[in-house]
Number of protein chains: 2
Amino acid sequence: MSLARLAALLADPTRAAFCTALLDGRAWTAGELARHAGVAPSTASEHLSRLIDGGLLAEERQGRHRYVRLAGPEVATLIEDLSAFTPLSGTPDGTPGRTPGRTPGRTPAAGSPAPRSLRESTRLSAEARARTCYDHLAGRLGVTVGDAVLARGLVTEEDGPALTALGRAWLTDLGAELPPRAGRPGARPVVRTCLDWTERRNHLGGAFGALLCRTALDRNWVERIGSGRALRVTPDGERALRELLGVEPLPA
Amino acid sequence: MSLARLAALLADPTRAAFCTALLDGRAWTAGELARHAGVAPSTASEHLSRLIDGGLLAEERQGRHRYVRLAGPEVATLIEDLSAFTPLSGTPDGTPGRTPGRTPGRTPAAGSPAPRSLRESTRLSAEARARTCYDHLAGRLGVTVGDAVLARGLVTEEDGPALTALGRAWLTDLGAELPPRAGRPGARPVVRTCLDWTERRNHLGGAFGALLCRTALDRNWVERIGSGRALRVTPDGERALRELLGVEPLPA
DNA sequence: GGGACGGTTCGGCGGGCGCCGAAACGTCGC
DNA sequence: GCGACGTTTCGGCGCCCGCCGAACCGTCCC
């Protein structure tokens with residue numbers, strides 16, 4: 001596959017919307033994505049097949065459902081990198097911001113294009129507070145954690161972001177382990193900064209960021225609310241944040 | 001600009017070919033690019049305008065020439081990242097590998113599509129030996145230098161590639177200076193590994209890689225040959241390589 | 001000044017592709 | 001078994017866009 005073919009996969013507004021939505025790291029059904037992007041199910045089906053063929057998405061069939069998710073962290077990184085390049089990417093709420101007047105019946109103006117399970121405003125404020133960004137933490141929670149690991153010297157930003165010896169010890173104490181090849185050239189970097197859409201500041205990505213998020217979910221420090229990417233910090237989570245990172249209750 | 005619009009800029013084989021060619025870090029004229037891609041000058045002109053509007057390319061007009069180059073290192077990184085994603089990108093010689101039979105008269109089969117100043121085979125072997133990759137060194141020279149800085153401990157790959165204290169001292173001795181903001185989040189990383197097309201191994205990119213390349217050109221350790229990206233190591237350069245990095249004369 | 005040359009603008013053409021609706025298929029639940 | 005539902009396949013439509021050649025403009029050089 002050539003560079004042009006790869007880019008062409010992302011060059012369609014509908015497919016781009018799919019990928020952006022899937023950046024939350026979860027598996028969506030074909031129908032959900034179709035409603036989200038405001039296209040017919042048949043259209044969505046074709047787009048998904050192309051994205052899967054191209055290796056950007058992975059599918060998992062369950063009964064009459066077709067679940068689909070990003071093929072891996074590299075894909076998420078790629079899409080983030082591309083998105084970071086768009087000077088004024090979309091509206092503040094994260095909607096991709098479709099070009100007006102492409103095809104009749106596709107303007108997202110009247111009514112929310114795809115009501116999900118939480119009411120729109122509730123969902124947005126919940127996501128601004130805490131959410132997943134592919135496989136790590138984002139929103140105010142994300143940048144708060146990012147600031148904390150930096151302030152406590154677990155991560156340094158000298159010569160590019162990296163985990164310190166202190167950070168490695170901290171992980172060991174925590175009982176969490178990085179994948180063996182993390183950080184090796186070609187493999188996933190240990191620490192990556194990822195621009196946060198809502199906060200307009202960096203939060204923590206990479207293998208370390210993913211490990212933190214997974215640990216937090218495993219130990220029930222955070223839990224999913226609704227069907228989207230929004231998270232809630234549990235009481236256990238608040239305690240862990242305070243004890244492990246010196247983070248206060250968390251800004252509401 | 002949305003993600004889709006950005007991707008659309010790279011989604012055309014001709015525009016992709018332009019960007020790939022410009023990855024050598026030099027400024028090309030519109031006509032050179034047109035011949036290189038095998039399209040009419042008028043077609044190239046339109047493509048260039050779109051790429052410039054999109055912020056991927058920068059132009060510099062000189063007399064009746066329109067020189068054009070990548071807008072910055074971020075663009076080069078972006079294109080490299082995307083290229084790294086294509087499993088079997090192009091033919092071994094680095095030609096983008098156009099999809100066959102798109103439009104009559106565009107098949108690159110018969111004859112070299114755009115003879116540049118060196119004969120094709122000469123050019124290819126020269127480029128395999130030493131060339132620029134955007135603004136840093138590539139080819140056998142590039143990976144050799146990359147290996148050397150790693151072996152001498154100037155760069156480490158623990159927790160992601162980074163310059164060591166030894167490396168900083170080495171730079172100071174050399175009288176070379178990194179840009180002040182290099183490595184800060186959002187700015188250009190100090191050390192980046194970049195997959196070498198010909199060697200299929202990593203060479204040195206990032207601000208450090210660019211600094212080395214610029215220094216080498218400034219001090220006449222390497223010089224351009226031909227009008228392409230190929231480089232030749234000068235006698236001064238061989239001496240510098242030996243004394244500064246312990247690299248032997250350089251594989252022919 | 002005049003011719004050569006690089007680049008641009010404009011019309012016009014053709015193909016690709018994204019869209020939909022209708023019909024069909026498979027699964028699930030009653 | 002039957003209807004509901006999620007998904008897919010197929011035809012058909014319309015637009016977008018990449019291509020070219022012709023004409024034109026500005027620069028360079030003799």
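A quick note: this is a predicted structure, and the numbers were derived from the prediction, not measured. Here is the naming used below: chain letters follow the sequence lines, and residue numbers restart at 1 for every chain.
Put simply, CG on B/Leu33 is 13 Å from C1' on C/dG6, counting in whole angstrom units. Residue B/Leu51 contributes atom CG, which lies 13 Å from atom P of C/dT8 at whole-angstrom precision. Rounded to whole angstrom, the span from the CZ atom of B/Arg50 across to the C1' atom of C/dT8 amounts to 16 Å.
Applying the side chain to side chain donor-acceptor pair (under 3.5 Å) test to B/His136 and every residue at least two apart in sequence or in another chain returns B/His203. Residues meeting the side chain to side chain contact (heavy atoms under 4.5 Å, CB included) test with B/Thr29, sequence neighbours left out: B/Glu32, B/His65, B/Tyr67. Residues that satisfy the side chain to side chain contact (heavy atoms under 4.5 Å, CB included) test with A/Arg232, not counting sequence neighbours, are A/Glu223, A/Ile225. B/Cys213 meets the side chain to side chain contact (heavy atoms under 4.5 Å, CB included) test with B/Thr132, B/Leu137, B/Leu217; sequence neighbours excluded. Here A/Asp81 pairs with nothing under the side chain to side chain donor-acceptor pair (under 3.5 Å) rule; sequence neighbours left out. Legend: residues meeting side chain to side chain contact (heavy atoms under 4.5 Å, CB included) with A/Ala176, ordered by chain and number and at least two apart, are A/Leu171, A/Leu174, A/Leu211, A/Thr215.
Comparing A/Gln62 and A/His47 against DNA chain C, the residue whose closest nucleotide sits nearer the 5' end is A/His47.
When the local axes at the two ends of the helix from C/dG1-D/dC30 to C/dC30-D/dG1 are compared, using 5 base pairs at each end, they differ in direction by 30° after rounding to 10°.
OP1 or OP2 of D/dG18 has at least one side-chain nitrogen or oxygen of B/Arg15 nearer than 4.0 Å.
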Would you please test A/Asp135 and A/Arg188 for salt bridge (charged side-chain N to carboxylate O under 4.0 Å, His left out) and show each step?
CA-CA 13 Å; A/Asp135 60 3; A/Arg188 192 174 191 192; 2.9 Å; yes

When the side chains of residues 46-57 of chain A are checked against the rest of the protein, which donor-acceptor pairs come out under 3.5 Å, sequence neighbours left out?
{"from": "A/His47", "atom 1": "ND1", "to": "A/Arg15", "atom 2": "NH1", "distance (Å)": "3.1"}
{"from": "A/Ser49", "atom 1": "OG", "to": "A/Ser45", "atom 2": "O", "distance (Å)": "3.1"}
{"from": "A/Ser49", "atom 1": "OG", "to": "A/Arg66", "atom 2": "NH2", "distance (Å)": "3.4"}

Please tabulate the protein-to-nucleotide N/O contacts below 3.5 Å involving nucleotides 2-10 of chain D, giving atom names and distances.
{"from": "D/dC5", "atom 1": "O2", "to": "A/Arg64", "atom 2": "NH1", "distance (Å)": "3.1"}
{"from": "D/dT7", "atom 1": "OP1", "to": "A/Ala30", "atom 2": "N", "distance (Å)": "3.4"}
{"from": "D/dT7", "atom 1": "OP1", "to": "A/Arg66", "atom 2": "N", "distance (Å)": "3.3"}
{"from": "D/dT7", "atom 1": "OP2", "to": "A/Gly31", "atom 2": "N", "distance (Å)": "2.7"}
{"from": "D/dT8", "atom 1": "OP1", "to": "A/Arg61", "atom 2": "NH1", "distance (Å)": "3.3"}
{"from": "D/dT8", "atom 1": "OP1", "to": "A/Arg61", "atom 2": "NH2", "distance (Å)": "3.3"}
{"from": "D/dT8", "atom 1": "OP1", "to": "A/Arg66", "atom 2": "NE", "distance (Å)": "3.1"}
{"from": "D/dT8", "atom 1": "OP1", "to": "A/Arg66", "atom 2": "NH1", "distance (Å)": "2.9"}
{"from": "D/dT8", "atom 1": "OP2", "to": "A/Ser45", "atom 2": "OG", "distance (Å)": "2.6"}
{"from": "D/dT8", "atom 1": "OP2", "to": "A/Arg66", "atom 2": "NH1", "distance (Å)": "3.2"}
{"from": "D/dT8", "atom 1": "O5'", "to": "A/Ser45", "atom 2": "OG", "distance (Å)": "3.3"}
{"from": "D/dC10", "atom 1": "N4", "to": "A/Glu46", "atom 2": "OE2", "distance (Å)": "3.3"}

